[in-house]
Every structure is written in structure tokens, then in C-alpha cells.
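Below you'll find the structure, written out as C-alpha cells, and then a few comments.
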Amino acid sequence: HVPSIAGNAFSGAGVIERTSDLDVFRFTTTGGSVQANLAVASFGAMLDATLQIWDATGAIVASASTSSLGESITTSLSAGTYY
């Protein structure tokens, strides 16, 4: 998916239909602090999601998987493209 970008913020949306579904968004940063938030549907949410940031090699550089339905990551990244 290609997110919509406004200044230093971007947002994207996807639909998870099965436990095997994976939504991926790409972004490029010049480096520094990054905050990623994952929100589930306002009504009837049943998704216990995991939020991960991967580098260009596919390595996980940050991850959040709690018992709450939504997830959040705040981390510092080097300049580059992430997923």
C-alpha cells in the first residue's frame, strides 16, 4: 500500500480478513524519531494486531505486540526506506 503523506505525517488503511493477512506500508525517512500507530475499527474490533517496522533488508528494527487491540511504536531510525 502507498500511504497518503502530509508534511512529516502519513496514514494508510487496510482490511484484515484472515489471520494470515499482512498489510505493508512503505515510507522513507531522513532519520530521527519516528512514531507509528496502528488503530483497529472503532466498532466491533476483534483484531489483536502486531505492529512491526522492517528495514530494507527485511530485518525487524522495532515491534509492538501487546494484549491491547491497537499498537504504537516510537523509535529512532537511520535515514532510509522502511516497511
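- Checking Leu38, Val24, Ile60 one by one against Gln52, the side-chain contact (heavy atoms from CB on, under 4.5 Å) holds for a single residue, Ile60.
- Between Leu77 and Tyr82, the closest side-chain pair of non-hydrogen atoms falls below 4.5 Å.
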### Message
Assess the residue pair Tyr83 and Asp55 against the criterion (side-chain contact (heavy atoms from CB on, under 4.5 Å)); give the C-alpha distance rounded to whole Å, side-chain angles, the decisive distance to 0.1 Å, and a yes or no.
### Response
CA-CA 6 Å; Tyr83 303 88; Asp55 66 13; over 6 Å; no
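- Here the closest heavy-atom approach between residue Ser72 and residue Gln35 is recorded as OG-NE2, 3.9 Å.
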### Task
Begin with the C-alpha distance, continue with both residues' side-chain angles, and end with the deciding distance and a verdict on side-chain contact (heavy atoms from CB on, under 4.5 Å) for Ser63 and Thr50.
CA-CA 7 Å; Ser63 181; Thr50 298; 4.2 Å; yes
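- Side-chain contact check for Ile53 versus Thr75: some heavy-atom pair is nearer than 4.5 Å.
- Residues Thr28 and Thr81 have side chains that bring a donor and an acceptor to within less than 3.5 angstrom of each other.
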